[in-house]
S.K.: 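Just passing along the structure, written as structure tokens.
In what follows, chains carry the letters A, B, and so on, assigned in the order in which the sequence lines appear, proteins first and then strands, with residues in each chain numbered from 1. Hydrogens, waters and symmetry mates are skipped; everything else that's a heavy atom, side chains included, is used.
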There are 2 protein chains.
Amino acid sequence: MSDEHDNLAFLIADTNRLIRQFFQQRLRCSPITLAQARALFYVSRFEGVKQVELADALEIQPMTMARLLDQLCDLQLVERVQDPNDRRAYQIFLTPAAKPHLAEIERVSALMREQMLSTLGSEQVSSFMRTLIRLRTGLLND
Amino acid sequence: MSDEHDNLAFLIADTNRLIRQFFQQRLRCSPITLAQARALFYVSRFEGVKQVELADALEIQPMTMARLLDQLCDLQLVERVQDPNDRRAYQIFLTPAAKPHLAEIERVSALMREQMLSTLGSEQVSSFMRTLIRLRTGLLND
DNA sequence: TGCATATAATAAGCAGAGCTTACAATATAG
DNA sequence: CTATATTGTAAGCTCTGCTTATTATATGCA
């Protein structure tokens, strides 16, 4: 069992799966997935930007972002507005309906953080996050 | 961009995606996925156990494990042998062909570890892993 | 012994997250 | 004005994992 723990990749993959499960269980009221939540979260922080820019920020392909936005549009949490300066592009905005969902996401995030980090000191947590970011950066320059 | 870093869940999901990409790129010679590698890795450590036990060890559903073993059987890296004590069950064994693949997995793991952790001290790494395991445990008791 | 219940594996089918390739419409540089 | 680049999308694939039956076998119990 704890043999796995030699292997960082497996451990992260595993944790990721548990996070997704956790997230989906708590959020069954609002039918949003982790990836959608992440996209929505970014939209709320960069409202009005183009899809390409969003995709870039999330480091996913434009097509993947287009699909996520399709879903968020279907749920009427997000609007595509023609960019007045570029008729190819859309600007992405939140709808009023998005607010409670964002709050819900925040709530579940906090819950999860609580459940994961409750036994850790805040110093430990921030050190952990910093290390994780460095790992991630190491993988990015591929 | 760095706004995401407030959110541990998103950060881990993201890192996971990068790990999977890394893994698949380096391993294109042998057509094995991360999940298959993980299963194979476990089989090598618990050779002869039943599928249910493997599923349990990896904390995935028996059906998910059955599929993974189907794939590994197709690749002839693993064999299902009738359990002499229980005619419902199979015991899982490596084939001789598995060895080089396991070595390859080891190689790529080491490569990834190197690339992710090169800038970190070993003390930092083990502290990181310990914290990660605690997070994961926190999520497990759901 | 015989039956009810539990367990091992699997069939079938779905969902989530992401990718690639190809293409239309529009911008922009030369 | 033409060539090139960019925005968004259609179509379809992969990978990882799940749920809900079903079949075959074990096993506890009466």
S.K.: Rounded to the nearest angstrom, tell me the gap between atom CZ in Arg20(B) and atom C1' in dC13(D).
M.R.: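 Taking CZ of Arg20(B) and C1' of dC13(D), I get 14 Å after rounding.
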S.K.: For Asp56(B), is there an ion pair with Lys50(B) - N to carboxylate O distance below 4.0 angstrom?
M.R.: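 Salt bridge absent between Lys50(B) and Asp56(B).
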S.K.: Rounded to whole Å, how long is the line connecting atom CZ of Phe22(A) with atom P of dG16(C)?
M.R.: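 About 19 Å, once rounded to whole Å.
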S.K.: Without decimals, in angstroms, what is the distance between Gln25(A) CD and dC18(D) P?
M.R.: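 About 11 Å, once rounded to whole Å.
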S.K.: Tell me whether Phe41(B) shares a hydrophobic cluster with Phe46(B), the cluster being built from Ile, Leu, Val, Met, Phe, Trp, Tyr side chains joined at under 4.5 Å.
M.R.: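 They do share one cluster, since a chain of ILVMFWY contacts under 4.5 Å joins Phe41(B) to Phe46(B).
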S.K.: Nearest whole Å is fine: how far is dT7(D) C1' from Arg88(A) CZ?
M.R.: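 For the pair Arg88(A) CZ and dT7(D) C1', the rounded distance is 5 Å.
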S.K.: Are any of Gln21(A)'s side-chain N or O atoms less than 4.0 Å away from OP1 or OP2 of dC18(D)?
M.R.: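 Answer is yes, contact under 4.0 Å.
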S.K.: Looking at Thr33(B), I'd like to know whether one of its side-chain N or O atoms comes within less than 4.0 Å of OP1 or OP2 on dT16(D).
M.R.: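 Checking Thr33(B) against dT16(D): at least one side-chain N or O falls below 4.0 Å of OP1 or OP2.
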S.K.: Counting only non-hydrogen atoms, which of residues 60-87 of chain A are less than 4.0 Å from DNA chain D?
M.R.: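 The stretch gives Met63(A), Ala66(A), Arg67(A), Arg80(A) as the residues lying under 4.0 Å from the strand, ordered by number.
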S.K.: Round to the nearest Å and state the distance from Leu58(A) atom CG to dC19(C) atom P.
M.R.: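 From Leu58(A) CG to dC19(C) P: 11 Å.
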S.K.: With distance as the sole test, does Glu47(A) use its side chain to make a donor-acceptor pair with the main-chain N or O of Leu94(A) at under 3.5 Å?
M.R.: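 Yes; at least one donor-acceptor contact below 3.5 Å.
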S.K.: Rounded off to whole Å, could you give me the OH-to-C1' distance for the Tyr90(B) and dA26(D) pair?
M.R.: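 So the two atoms are 16 Å apart, to the nearest Å.
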S.K.: Would you say Phe93(B) and Ile32(B) are hydrophobically clustered, going by side-chain heavy atoms of ILVMFWY under 4.5 Å?
M.R.: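 Cluster IDs for Phe93(B) and Ile32(B) differ.
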S.K.: Distance-only check: which donor-acceptor pairs under 3.5 Å involve side-chain atoms of residues 97-104 of chain A, not counting sequence neighbours?
M.R.:
residue: Glu104(A); atom: OE1; partner: Arg107(A); partner atom: NE; Å: 3.2
residue: Glu104(A); atom: OE2; partner: Arg107(A); partner atom: NH2; Å: 2.9

S.K.: Sub-3.5 Å donor-acceptor pair from the side chain of Arg17(B) to the main-chain atoms of Glu59(A), do we have one?
M.R.: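 Such a contact is found between Arg17(B) side chain and Glu59(A) backbone.
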S.K.: Using whole Å, what does the distance between atom P of nucleotide dT10(C) and atom NZ of Lys50(B) come to?
M.R.: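 After rounding, the reported distance stands at 13 Å.
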S.K.: Between Gln24(B) and dC19(C), is there a side-chain N or O to OP1/OP2 distance below 4.0 Å?
M.R.: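 False: Gln24(B) side-chain N/O out of range (4.0 Å or more) of dC19(C) OP1/OP2.
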S.K.: According to a strict under-4.0 Å criterion, is Gln36(A) in side-chain N/O contact with OP1 or OP2 of dG16(C)?
M.R.: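 Answer no for this pair, as no side-chain N or O of Gln36(A) is under 4.0 Å from OP1 or OP2.
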S.K.: Under a 3.5 Å distance rule, please check whether Ser127(A) uses its side chain to pair with a backbone N or O of Glu123(A) as donor and acceptor.
M.R.: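 No, because the side chain of Ser127(A) does not come within donor-acceptor range (under 3.5 Å) of the backbone of Glu123(A).
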S.K.: Would you say Arg38(B) places a side-chain N or O within less than 4.0 Å of OP1 or OP2 belonging to dT16(D)?
M.R.: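 Answer no for this pair, as no side-chain N or O of Arg38(B) is under 4.0 Å from OP1 or OP2.
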S.K.: If you find the nucleotide of DNA chain D closest to Ala13(A) and the one closest to Ala89(A), which residue's nucleotide is nearer the 5' end?
M.R.: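 Comparing both residues, the 5'-ward one is Ala89(A).
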S.K.: Atom CG of Asn16(A) to atom P of dG18(C): distance rounded to whole Å?
M.R.: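 Taking atom P of dG18(C) as the reference, CG of Asn16(A) is at 9 Å.
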